[in-house]
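Position 1 is the first residue of the sequence; numbering continues from there. Quick note: numbers below take in every heavy atom, side chains included, and nothing from hydrogens, waters or symmetry partners. For clarity, every value in this text was computed on a predicted model and none was experimentally measured.
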Amino acid sequence: MKVNLQPALNDGNLDANQLNSQRQLGISISAIAENQDRNVPLNLCLILDHSGSMNGRSLETVKKAANRLVDRLNPGDRLSVVVFDHRAKVLVPNQSVEDPEKIKQQINRLAADGGTAIDEGLRLGIEELAKGKKDTVSQAFLLTDGENEHGDNNRCLKFAQLAASYNLTLNTLGFGDNWNQDVLEKIADAGLGTLSYIQKPEQAVEEFNRLFSRIQTVGLTNAYLLFSLMPNVRLAELKPVAQVSPDTIELPLQKEADGRFAVRLGDLMKDAERVILANIYLGQLPTGEQAIANVQVRYDDPAANKVGLVTPKIPVYAHVVKNYQADPNPQVQRSILALAKYRQTQLAETKLQQGDRSGAATMLQTAAKTALQMGDTGAATVLQTSATQLQSGGDLSESDRKKTRIVSKTVLQDTPPQ
């Protein structure tokens with residue numbers, strides 16, 4: 001398994017007469033499968049809400065979705081199942097999948113009762129997942145339909161950060177309309193996973209399958225983007241680095257002992273790009289091709305039982321010219337729009353929380369236009385519908401708010417139903 005690493009500036013030309021310039025550095029990263037590569041075993045943990053509000057069709061469809069995943073696992077894969085109401089318990093301890101029918105019987109016995117304690121479910125889920133993480137792709141699916149009424153949301157975030165330090169990926173699935181999108185987004189972002197919205201019970205099987213298909217394409221784990229900047233080049237001080245694909249996430253930056261910057265990427269999928277955007281400032285540079293940065297990736301290859309592998313350094317050049325003409329890169333420009341869509345939607349949500357309905361509507365309209373610019377018609381439709389609803393004096397339903405959050409973070413495959 002190899003790493004494909006491709007950096008590019010949003011504008012490759014730089015004006016030699018400018019004392020200061022700003023550029024966006026887009027970095028595309030993916031794993032590339034090779035013929036001799038063997039499949040890496042999966043280590044999956046399902047963390048399932050079975051509180052009283054999941055009673056009836058909701059829990060039945062979740063059990064069906066979980067059973068479908070059990071059927072898709074191979075004998076060498078590992079599975080654990082943790083369930084929670086106002087308490088949490090391990091339903092299926094971390095184990096190699098050798099008797100899928102027995103596992104499905106345990107899942108099918110699950111009944112709905114009690115309140116909701118997400119943090120306890122997350123704690124136990126991480127413990128189970130950690131037991132099988134050696135030489136595997138380790139991911140969790142956390143599903144809930146409610147608020148963390150019997151738990152502590154700050155603990156959820158701490159557990160998510162702990163999972164990341166163990167090289168575990170957390171995906172969150174909000175079921176119905178009464179879950180806390182802020183909490184589930186923070187868990188997924190910290191765990192470098194995906195936030196999903198299951199609006200109707202019958203969508204559970206499809207959404208579980210979509211996420212499962214994605215983790216089956218993971219080839220490399222524990223990846224970090226490393227980059228060093230040349231003298232006279234610096235990162236923006238506020239929110240300098242973000243992921244823009246497959247989901248938009250503001251990424252924390254850490255400094256290595258050797259002075260390089262490191263950004264945790266987590267799992268790398270085969271032939272599916274992870275795109276990072278860095279906001280950099282450049283001082284005045286002499287004319288000609290000037291190296292402004294070096295980028296490389298550090299990663300583990302579980303198929304080869306190797307850790308701490310590093311790609312060769314790839315230099316990033318700017319073409320410094322006296323007679324400046326812009327040389328825009330369409331892919332990086334689209335990444336800039338994806339990040340703008342996310343941040344504009346966030347600003348709209350903040351204004352709405354402050355009671356500024358008009359300001360929120362204006363920002364949602366702006367985000368809708370940004371989505372159209374990048375060809376994301378599904379998001380544009382959702383964002384414009386929410387803006388129109390506010391402008392007409394209406395409120396946004398919980399469903400509207402969830403759709404808005406999801407489309408701000410990712411490009412949907414299909415236009416969601418209105």
Side-chain angles (χ1 to χ4, degrees), residues 1-10 12 22-32 133 137-138 161 163-169 189-193 218-283 289-318 329 331-332 335-336 339:
M1 197 74 64
K2 291 183 178 177
V3 176
N4 181 30
L5 177 60
Q6 295 183 335
L9 293 170
N10 64 315
Q22 183 183 14
R23 290 291 182 271
Q24 306 292 329
L25 174 60
I27 305 162
S28 166
I29 307 137
S30 61
I32 305 174
K133 79 185 194 79
V137 172
S138 299
Q161 290 165 341
S165 72
Y166 285 159
N167 189 28
L168 309 173
T169 298
D189 285 1
L192 284 176
V218 171
L220 301 171
T221 62
N222 199 28
Y224 283 80
L225 173 66
L226 307 172
F227 57 100
S228 51
L229 302 175
M230 300 304 174
N232 225 14
V233 182
R234 64 180 175 86
L235 284 168
E237 290 178 14
L238 185 64
K239 295 181 178 179
V241 181
Q243 175 182 294
V244 293
S245 180
D247 304 278
T248 303
I249 304 172
E250 303 280 5
L251 294 175
L253 198 65
Q254 56 195 62
K255 211 161 187 182
E256 299 271 285
D258 59 9
R260 290 183 299 176
F261 294 102
V263 179
R264 183 174 179 268
L265 304 172
D267 296 336
L268 295 182
M269 293 176 284
K270 288 174 266 193
D271 305 316
E273 289 183 329
R274 180 162 293 222
V275 181
I276 307 299
L277 198 62
N279 187 10
I280 60 175
Y281 288 88
L282 305 97
E289 292 291 319
Q290 300 294 337
I292 60 169
N294 283 311
V295 295
Q296 61 186 149
V297 174
R298 184 175 64 228
Y299 61 97
D300 297 345
D301 186 346
N305 299 322
K306 292 181 179 177
V307 300
L309 300 172
V310 183
T311 65
K313 285 183 182 178
I314 296 182
V316 181
Y317 293 99
N329 180 296
Q331 283 78 27
V332 184
S335 295
I336 293 169
L339 185 56

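With values rounded to the nearest 0.5 angstrom, Ser30 atom OG is found 13.0 Å from Lys2 atom NZ. The line from CD of Gln243 to CG of Asp189 is 9.0 Å long, rounded to the nearest 0.5 Å. Note: Leu268 CG to Asn222 CG = 10.0 Å, rounded to the nearest 0.5 Å. A distance of 8.5 Å separates CG in Asn10 from CD in Gln22, rounded to the nearest 0.5 Å.
For the pair Arg23 and Leu282, the minimum side-chain heavy-atom distance is below 4.5 Å. At a threshold of 4.5 Å between non-hydrogen side-chain atoms, the residues Leu192 and Ile249 count as touching. Using a 4.5 Å heavy-atom threshold, the side chains of Val263 and Leu253 count as touching. Between Lys270 and Met1 the shortest side-chain heavy-atom distance falls below 4.5 Å. Looking only at side-chain heavy atoms (C-beta outward), Gln254 and Arg260 stay at 4.5 Å or farther from each other. Side-chain atoms of Val332 and Leu277, non-hydrogen and from C-beta on, do get closer than 4.5 Å to each other. At least one side-chain heavy atom of Val316 sits less than 4.5 Å from a side-chain heavy atom of Leu25. For the pair Val233 and Tyr281, the minimum side-chain heavy-atom distance is 4.5 Å or more.
Between the side chain of Lys133 and the backbone N or O of Tyr166, at least one donor-acceptor pair lies under 3.5 Å. Although no hydrogens or angles enter the test, the distance criterion places a donor-acceptor pair under 3.5 Å between the side chain of Asn329 and the main chain of Gln331. Panel note: side chain Gln161, backbone Ser165; no donor-acceptor pair is recorded below 3.5 Å. Checking side-chain atoms of Asn279 against main-chain N and O of Ala236 turns up no donor-acceptor pair under 3.5 Å. Without hydrogens or angle criteria, Asp300 side chain to Gly308 main chain gives a donor-acceptor distance under 3.5 Å.
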Exercise for the section: Using the side-chain contact (heavy atoms from CB on, under 4.5 Å) rule, take Leu225 and Tyr299 through it: C-alpha gap first, then chi angles, then the decisive distance, then the call. Expected result: CA-CA 9 Å; Leu225 173 66; Tyr299 61 97; over 6 Å; no
Exercise for the section: Evaluate side-chain contact (heavy atoms from CB on, under 4.5 Å) for Leu251 paired with Arg264, printing each intermediate quantity in order. Expected result: CA-CA 8 Å; Leu251 294 175; Arg264 183 174 179 268; over 6 Å; no
Problem - CA sep, side-chain torsions, deciding dist, call: Phe227, Val241, side-chain contact (heavy atoms from CB on, under 4.5 Å) - result: CA-CA 12 Å; Phe227 57 100; Val241 181; 4.1 Å; yes
Practice task
Show your reasoning for whether side-chain contact (heavy atoms from CB on, under 4.5 Å) applies to Leu229 and Asn294.
Solution key: CA-CA 7 Å; Leu229 302 175; Asn294 283 311; over 6 Å; no
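With a 6.0 Å radius and a threshold of 12 heavy atoms from other residues, nucleotides or ligands, Glu289 has its CD atom above the threshold.
The shortest heavy-atom contact between Gly219 and Pro302 is O-CD, 3.9 Å. The shortest non-hydrogen separation linking Leu220 to Val218 is O-CG1, 3.6 Å. The shortest non-hydrogen separation linking Gly193 to Thr169 is CA-CG2, 3.8 Å. Considering all non-hydrogen atoms of both residues, Ala318 and Ile292 come closest at CB-CG2, 4.1 Å. Between Leu9 and Tyr317, the shortest heavy-atom distance links the atoms CD1-O, 3.7 Å. Here the closest heavy-atom approach between residue Leu5 and residue Gln296 is recorded as CD2-CA, 3.6 Å.
Only one option out of Val310, Ile32, Leu309, Val297 pairs with Val3 in a side-chain contact (heavy atoms from CB on, under 4.5 Å); it is Val297.
Between the side chains of Ser245 and Glu273, no donor-acceptor pair is found at a separation under 3.5 Å.
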